[in-house]
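The block underneath contains the structure these notes are about, expressed in structure tokens.
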Amino acid sequence: MESQVTRRLSAIMFTDIVGYSAIMQKDETIAAEIRAHHRQEFRKFHNQYNGNILQYYGDGTLSVFDSGVEAVECAIAIQKALQQGQKVPLRIGIHIGDIVSDGTEVYGDGVNLASRIESLGVAGAILVSGVLNDQLSNHPAITTASLGEFRLKNIDRPVEIYSVTNEGIRQPEPSELRVRPETKSKSIAVLPFVNNSSHEESEYFSDGITEEIINALSKIGGLKVTSRTSSFFYKGKDVALREIGEALNVSTILEGSIRLSGNMLRITAQLINVADDFHFWSEKWDRKLENIFEIQDEISLLIAEKLREDMGHFDISDHLVEAPEIPVAIYKKYLKGRYDVLSFNVSSTERGISMLQEIVDAYPQFPLPYIEINNGYAFLGAVGMMSPDEAFAKGNSYLNKAIELDPKLPECQYGLAGTSYWHKWDLDATFKHLNKAIAIRPGYADAYQTMSPVLLTVGRFDAALTYINKALQLDPFSATNHHLKGLVYYYQEDYEEALLHIERSIDLDPNYIMSQIIYANLLLIFERTDEALKIYQSFPSDRFSDLSRLGGITLIHACQGERQKAEEGIKKLEETLRSDSQGWAVEFLMLCYIRLEKYDQALELIEYGVNQRIPMMLTIAADPMMKPLYQLPKFEELIEQILGKEYTKELSVLYHGSPRAERPKELKLSPEMSLTDRKPLLDQKSSADYARKTVELMASDAPYLMPQLTLKGLADLIGIHPNQLSWLLNNHFDKSFNDFINHYRIEAFKRYALDPEKSHITLIGLAYESGFNSKTTFNTYFKKEVGSSPKVWMKLAKEQSA
């Protein structure tokens, strides 16, 4: 009886123990122990993550999953487990693709590719294909970094490969890889557009346009867009584009300029490939200022289209910028007010709030100014220019109005997350709103950033590190991101690693007082009290800094055993409990009481903070500085009042050393979909039909000969939506639009070059006749396709035909 052949889409995992043969030769007993340990953990986690083990072969394995997310989660769990006890030097490769089974054997292109990816890796690493990485884009609890595009043995086209970068997973260095990458990733940095207007005051306008483009592109899933902070780090600096690209870890840079003259606006923009400094697209717009919203949408969509044509598939909405129903003059005023609020300077923030208030008074249906006013009050409350309660009350009324007008704005969901966390102590709602913000804008760095300290609250250190790593990918020059990464290690009691990241935060922003405080406290842990004292003494003179200086110096006295001086400082700190800054007074008083072993007073202070609903109480649950209180029942009772029973139960591993339940309270950290949930844009029959139609069109009408052909234009000729065509080219032909079209142009050039009737035309002339509109593009793709320059190929072709 013939076996039935089946085909299905699966996540395919290959693993292999690195250097197993050498281990066998050296010690067969150890080799057997390593393999047994590998298989034990392999089986355990495949059961947990619904994997199906198909084959063991020597020191390797082949398995499949219905969910790409579960496959990677399983791989992470396996690698971490194999670092415990008898360490197993395992490398893992995962890909999503078709597998064919005849009942006795599994095979197919997907299996071959997964095997090649695994063989590229190093011990401790997890490598995944670009196709699988796209499936992970809505699951930020798994972080990855592109290693570039690779030409793998028996694989026709270059494959982009990513390394999983979660804590505990090794990321290969380029020098360790067996194959040299052809670096090209789906990533972009939008540099601040240069203000070419005659008035310096127009700076806010060019900055505002830049940020609108960043926000628009950040809505595209699968495209990594560097956040504002890091892009604006280079504003006004004369730095080579390649250096910027390497520092921001992006493959593409967008730069441009804006000239505002009366009612006329000129915008220029160009896309640059970082690897070779090739300007592969540029455009200029001369428009009336009254059309600014349409221009922003047009620019963002066109940039997105050009990126997709070059990089490969991602879905693009019909609109990326929604036009508010306000006059252009009001929009310019909004940009100016927002510019002032973002300056994070007290006087500028107050001026910005006043300007934005004028806008909401005149145009109460415009939601964006309400959000910025809320941000302004949050800043004034944080720096002690008004009480936190007053700042929240004022800001929250504006946030609520913005939510009423447009709840789908990611900034609204982000604001709701802050309210749920700091003021309602509702962690479930906090996670829900942050996830919604990320779902609306996948490249929302602030949402990833905020998720990290919220996860620290409940002791989920690995997840917190994963999210802050994601935030750092999007915003590597953010002092806050580096501060929070240091904080994760601080909570894990890896103080040396924490110190490195806090120092980086201070390097980026020497005035960031939160990092200065953590830095000083780390120095106290290392018993470098004189250095810590100098830091606290150097704080500037303002209400917040004065309190921090008092608290820090008092803490140092407590650490040094100078009880009298410490008691004098404590008395002053206790007096500030009646002030607007009582939150910070409680923070320093707790640390002082614990250092002096006054645990009852520390607990009374925490109870006071809980009763007063002081926001800082949220941060103490897993704080290692609270460790002397962990074993006290009263402390756990107070934490339960803050976090609730379930989350407090999850912290039992810290308080009592008892094991956590495997999934005690499931946190929906982000939208997660299995392969079966993610429907392809075209079904199998439609995909085959449109692929055939596309090839027939190339042969009959030769649209590739049109130099200005776009993906949208080709989609119109085929009768298909551009998103579907992009998906078809990526999944059926394994090519981006540019690779697909330029392949046909190269073939046309070859025919023309050998045609005697065209012998009088130069090579570049033949390239233009073939549809190329750039000599650089022609030479680049010719070498990529053929492996030599056009001249060398021409010479060899004539010799062979002679």
Side-chain angles (χ1 to χ4, degrees), residues 129-131 133-135 137-138 146 149 157-160 162 182-190 213-226 250-254 269-275 278-283 296-321 441-443 678 680-682 687 690-691 694 703-704 706-718 720-745 773-774 777 780-781 784:
S129 66
V131 176
N133 191 72
D134 289 343
Q135 302 284 347
S137 62
N138 286 330
S146 176
E149 287 193 342
R157 298 295 170 190
V159 178
E160 186 167 13
Y162 289 77
E182 300 178 352
T183 304
K184 184 179 180 182
S185 62
K186 296 179 181 179
S187 56
I188 185 172
V190 182
I213 293 173
I214 291 173
N215 288 339
L217 295 178
S218 297
K219 295 177 182 178
I220 301 172
L223 177 64
K224 173 193 162 188
V225 184
T226 299
V250 295
S251 64
T252 310
I253 285 177
L254 174 72
Q270 54 186 347
L271 288 167
I272 302 100
N273 188 329
V274 171
F278 174 43
H279 294 54
F280 64 89
W281 172 81
S282 64
E283 190 61 83
Q296 288 178 352
D297 192 39
E298 179 185 340
I299 292 173
S300 299
L301 284 170
L302 188 54
I303 291 167
E305 285 289 350
K306 293 305 172 185
L307 290 173
R308 177 166 69 176
E309 289 176 359
D310 187 61
M311 295 175 175
H313 175 68
F314 37 74
D315 288 346
I316 299 175
S317 303
D318 292 337
H319 294 284
L320 293 175
V321 176
R441 184 182 295 160
R678 292 178 175 272
L681 294 185
L682 293 169
S687 178
Y690 278 116
T694 302
Y704 53 84
M706 296 186 291
Q708 301 306 320
L709 181 67
T710 64
L711 187 143
K712 275 190 170 183
L714 181 59
D716 288 341
L717 293 173
I718 297 170
I720 190 175
H721 192 280
N723 283 342
Q724 292 175 317
L725 177 58
S726 174
W727 182 91
L728 179 72
L729 295 176
N730 194 86
N731 288 272
H732 190 92
F733 296 99
D734 195 23
K735 291 183 179 181
S736 68
F737 170 80
N738 283 349
D739 286 341
F740 181 78
I741 292 300
N742 287 327
H743 166 75
Y744 280 93
R745 288 171 175 163
N773 60 5
S774 160
T777 302
T780 298
Y781 273 95
K784 182 177 180 180

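On a predicted model such as this, the values are computed, not experimentally measured, just so you know.
For His279, the NE2 atom counts as densely surrounded, since its 6.0 Å shell holds more than 12 non-hydrogen atoms of other residues, nucleotides or ligands.
You'll find the side chain of Ile741 reaches within 4.5 Å of the side chain of Leu714, heavy atoms only. Between His313 and Leu729, the closest side-chain pair of non-hydrogen atoms is not below 4.5 Å. The closest side-chain heavy-atom distance from Thr694 to His732 is not below 4.5 Å. The side-chain heavy atoms of Leu682 and Asn731, taken from C-beta on, include no pair separated by under 4.5 Å. Taking 4.5 Å as the limit, every side-chain heavy atom of Asn133 sits out of range of all side-chain heavy atoms of Lys186. Using a 4.5 Å heavy-atom threshold, the side chains of Trp727 and Ser687 count as touching. The shortest distance between side-chain heavy atoms of Arg308 and Pro722 falls below 4.5 Å. Using a 4.5 Å heavy-atom cutoff, the side chains of Phe314 and Pro442 are not in contact.
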| query | Given the rule in the side chain to side chain contact (heavy atoms under 4.5 Å, CB included) test, do Ile188 and Leu271 qualify, once you have shown the distances and angles that lead to the verdict? | reply | CA-CA 9 Å; Ile188 185 172; Leu271 288 167; 3.8 Å; yes

| Thr710 and Glu305: side chain to side chain contact (heavy atoms under 4.5 Å, CB included), yes or no, with the steps? | CA-CA 9 Å; Thr710 64; Glu305 285 289 350; over 6 Å; no

| request: Take Asp315 and Leu681 through the side chain to side chain contact (heavy atoms under 4.5 Å, CB included) test and state the conclusion after the steps. | output: CA-CA 10 Å; Asp315 288 346; Leu681 294 185; 3.4 Å; yes

| message | Please evaluate residues Tyr704 and Asn742 with respect to the criterion side chain to side chain contact (heavy atoms under 4.5 Å, CB included), reporting the C-alpha separation (whole Å), side-chain torsions for both, the decisive distance (0.1 Å), and the verdict. | response | CA-CA 8 Å; Tyr704 53 84; Asn742 287 327; over 6 Å; no

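Put simply, the residue from Ile303, Leu301, Leu302 that forms a side chain to side chain contact (heavy atoms under 4.5 Å, CB included) with Ile299 is Ile303.
Ser187 contributes a side-chain N or O that, together with a main-chain N or O of Ser251, makes up a donor-acceptor pair within less than 3.5 Å.
Taking every heavy atom of both residues into account, Gly312 and Ser736 meet most closely at N-CB, 3.7 Å. For the residue pair Leu709 and Pro703, the shortest heavy atom distance occurs at CD2-O, 3.5 Å. Residues Ala216 and Val321 come closest through the heavy atom pair CB-CG2, 3.8 Å. Across all their heavy atoms, Ala269 and Leu254 have their closest contact at CB-CD1, 4.0 Å. Smallest separation of non-hydrogen atoms from Asn738 and Tyr781: CB-OH, 3.2 Å.
Separation of atoms CD1 (Ile253) and CG (Asn273) is listed at 10.0 Å; rounding is to 0.5 Å. Rounding to the nearest 0.5 angstrom, the gap separating the CG atom in Asp716 from the NE2 atom in His721 is 10.0 Å. Distance check: Leu307 CG to Trp281 CH2 gives 8.5 Å after rounding to the nearest 0.5 Å. Interatomic distance, Asp310 CG to Phe280 CZ, rounded to the nearest 0.5 Å: 4.5 Å. Expressed to the nearest 0.5 Å, how far CG of Asn723 lies from CG of Leu728 amounts to 12.5 Å. With rounding to the nearest 0.5 Å, the separation of NZ in Lys306 from OG1 in Thr252 is 14.0 Å.
Phe740 and Phe733 have tilted rings, their planes meeting at an angle from 30° to 60° on a 0 to 90° scale.
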